[in-house]
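Note on naming: letters A, B, ... go to the chains in the order of the sequence lines (proteins, then strands), and numbering restarts at 1 for each one.
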Amino acid sequence: MHDIRYIRENPDEFDTLLRRRGFVSSVDDIIALDQKRRSAQTEMQNLQQSRNDISQKIGEIKKAGGDAEKLMTEVADLKAKLIEAEKIEKNIDAELNAILELIPNLPHPGIPDGHDEAANRLEREVGKKPLIESPKEHFDLGEALGLMDFETAAQMAGSRFVILKGMLARLDRALGNFMLDLHCAEFGYIEAVAPVLVREQALFGTGQLPKFADDLYKTEADHWLIPTAEVPLTNFVAGKVLNASDLPLRLTAWTPCFRSEAGAAGKDTRGMLRQHQFSKVELVSVVHPDESDMELERMTACAEEVLKRLGLAYRVMTLCTGDIGFSATKTYDLEVWLPGQNSFREVSSCSSCRCFQARRLNARFKSPGQKGTSFVHTLNGSGLAVGRTLIAILENYQNPDGSITIPGVLQPYLNGITKIEKD
RNA sequence: GGAGAGAUGGCAGAGUGGUUGAAUGCACCGGUCUUGAAAACCGGCAUAGGGUUAAACCUAUCGGGGGUUCGAAUCCCCCUCUCUCCGCCA
């Protein structure tokens, strides 16, 4: 959500920046509406003032035992006008909000222009791609091991679900534990267990609603299933006024995520790359406005460290203006190398939202000696998507006989087992 | 799920229709006093919006929303949350 005062004072800049990300705003309409809103508000407040004055006098007269009939009739006429003025003000306010709610965040000055992912900028490529002769894709490997079952999953739940069994299920759990341990023990994140069913308000706060309802699942009890733990973790600070000393606040959680994949029909239909349900270790930082640019680098480094320790080759992309998400001002994607696909695929997306989510959430902080409050900055990133990391391990650590070598850092999580084989 | 009680400023806690944005205490900030500190005393101390060069000033806010009324923290309705008892339950 944008600051209406910023728009009012910098309409051209606002418009230009939104155009950069392919969003054509109607700044003139917004400014006009804002102007209308403020005069309606002044009108309403003037009437309220008159009413309050007269009511006060009535009170005084009645207290003194006098007759206030004259004032009572005087205020009746005023009342009708006031009700009308309040209605007008409310409508304009709602109209303006409806527009503002749908406007995405402004792009960070440091990101490239572009319409789609083709314009994303390569920052660096890290690690060595393994030399594998005719590498197999993860689903062939998993099915051959008898530990990955799409058919049975489809019978009970439909397409885009999977069952992992035995060592693959354990590998999944090992990955989640490894990631959480790393982020908590070495990077200072606080681990959290949080709701995966949330209210509409929570999703509004992080920016998924009202615009992207089609991508989400909703229960009959009017709960929504989270598409990412960014939602509950960022909502930790919703409506709060934090002390400056509480910042930075770094949270992590390993949760299931649910996405309808409404716009992805026909995309990645084979395998477990794109599922309706997947698990992810999420990182969220709530920081002082001066720190958010640095925090994005830090957070990305935390996610990268997972890939480094797993010995997976990856590259870092800065998303272009046309590819960043609704709430983001700047995003780094981490793309892991998948030999079976012969391509890099996203395993993490780290974004700074600056104060965009904080405004929607009303998440503020207070500094000692400073009057008033300021909005915090929020960031979120995957550290990492567990299912996709599992895919990367299968494809990168596959052996000619179809077995999978376990990366060293995961072995302690698997009782020292070094290899997954068909039994 | 059923029955009941409650939600007031950073905290505690008054306030059941009239100048109450809200007593009082604590905490906090400034001052007097003191070599310094404590105590005592004096003063200050919410948020958001409008307005202004800046002020003054105005409006709203006592969990959230709606209603009654000339006037609502106070009355009515809905929602959320907390607590107690009962039921169910991992």
Roughly how many Å apart are [M] and [N], using the [atom1] atom of each and rounding to a whole number?
N      : M      : atom1 : answer
B:rG51 : B:rU16 : P     : 38 Å
B:rC57 : B:rU52 : C1'   : 9 Å
B:rA60 : B:rG71 : C1'   : 16 Å
B:rG6  : B:rA90 : P     : 34 Å
B:rG87 : B:rA12 : P     : 33 Å
B:rA72 : B:rU59 : P     : 13 Å
B:rC89 : B:rC81 : P     : 23 Å
B:rC11 : B:rG66 : P     : 25 Å

Could you tell me which nucleotide pairs with [N] by Watson-Crick or G-U wobble geometry, both distances under 3.5 Å, or answer none if nothing does?
N      : value
B:rG18 : B:rC70
B:rA54 : none
B:rA7  : B:rU80
B:rA60 : B:rU47

Do [X] and [Y] have side chains that approach each other closer than 4.5 Å (heavy atoms only, starting at C-beta)?
X        : Y        : result
A:Gln208 : A:Trp224 : no
A:Thr219 : A:Leu197 : yes
A:Leu100 : A:Ile7   : yes
A:Leu242 : A:Val237 : yes

Any Lys/Arg nitrogen of A:Lys280 or A:Glu282 sitting under 4.0 Å from an Asp/Glu carboxylate oxygen of the other? yes
Side-chain N,O ([X]) to OP1/OP2 ([N]) below 4.0 Å:
X        : N      : answer
A:Arg359 : B:rA48 : no
A:Arg38  : B:rG51 : yes
A:Arg5   : B:rA48 : no
A:Thr373 : B:rA48 : yes
A:Arg364 : B:rA48 : yes
A:Lys366 : B:rU47 : yes
A:Lys70  : B:rC70 : no
A:Asn52  : B:rA60 : yes
A:Lys90  : B:rA60 : no
A:Arg51  : B:rA60 : yes

Proximity to the side chain of [X] - top-ranked nucleotide from [options]:
X        : options                : answer
A:Gln49  : B:rG71, B:rG49, B:rC58 : B:rC58
A:Gln41  : B:rG71, B:rU80, B:rG50 : B:rG50
A:Lys62  : B:rA60, B:rG50, B:rG18 : B:rG18
A:Arg199 : B:rC70, B:rC58, B:rU80 : B:rU80
A:Lys63  : B:rU19, B:rU47, B:rG71 : B:rU19
A:Thr42  : B:rA60, B:rU19, B:rG50 : B:rG50

Examine the base of B:rU59 for any acceptor or donor lying under 3.5 Å from a partner atom in the side chain of A:Gln48, and report the outcome as yes or no. no
Under 3.5 Å, is there any donor-acceptor pair linking the side chain of A:Gln56 to the base of B:rG71?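 Counting by modelled atom types and ignoring angles, no donor-acceptor contact under 3.5 Å is found here.
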Report the C-alpha distance between A:Thr152 and A:Asp149 in whole Å, list the side-chain angles of each, state the deciding distance to 0.1 Å, and finish with yes or no for side chain to side chain donor-acceptor pair (under 3.5 Å). CA-CA 6 Å; A:Thr152 309; A:Asp149 185 349; 2.4 Å; yes
The single option from A:Arg359, A:Arg8, A:Arg354, A:Arg360 that satisfies salt bridge (Lys or Arg N to Asp or Glu O under 4.0 Å) with A:Asp3 is A:Arg359
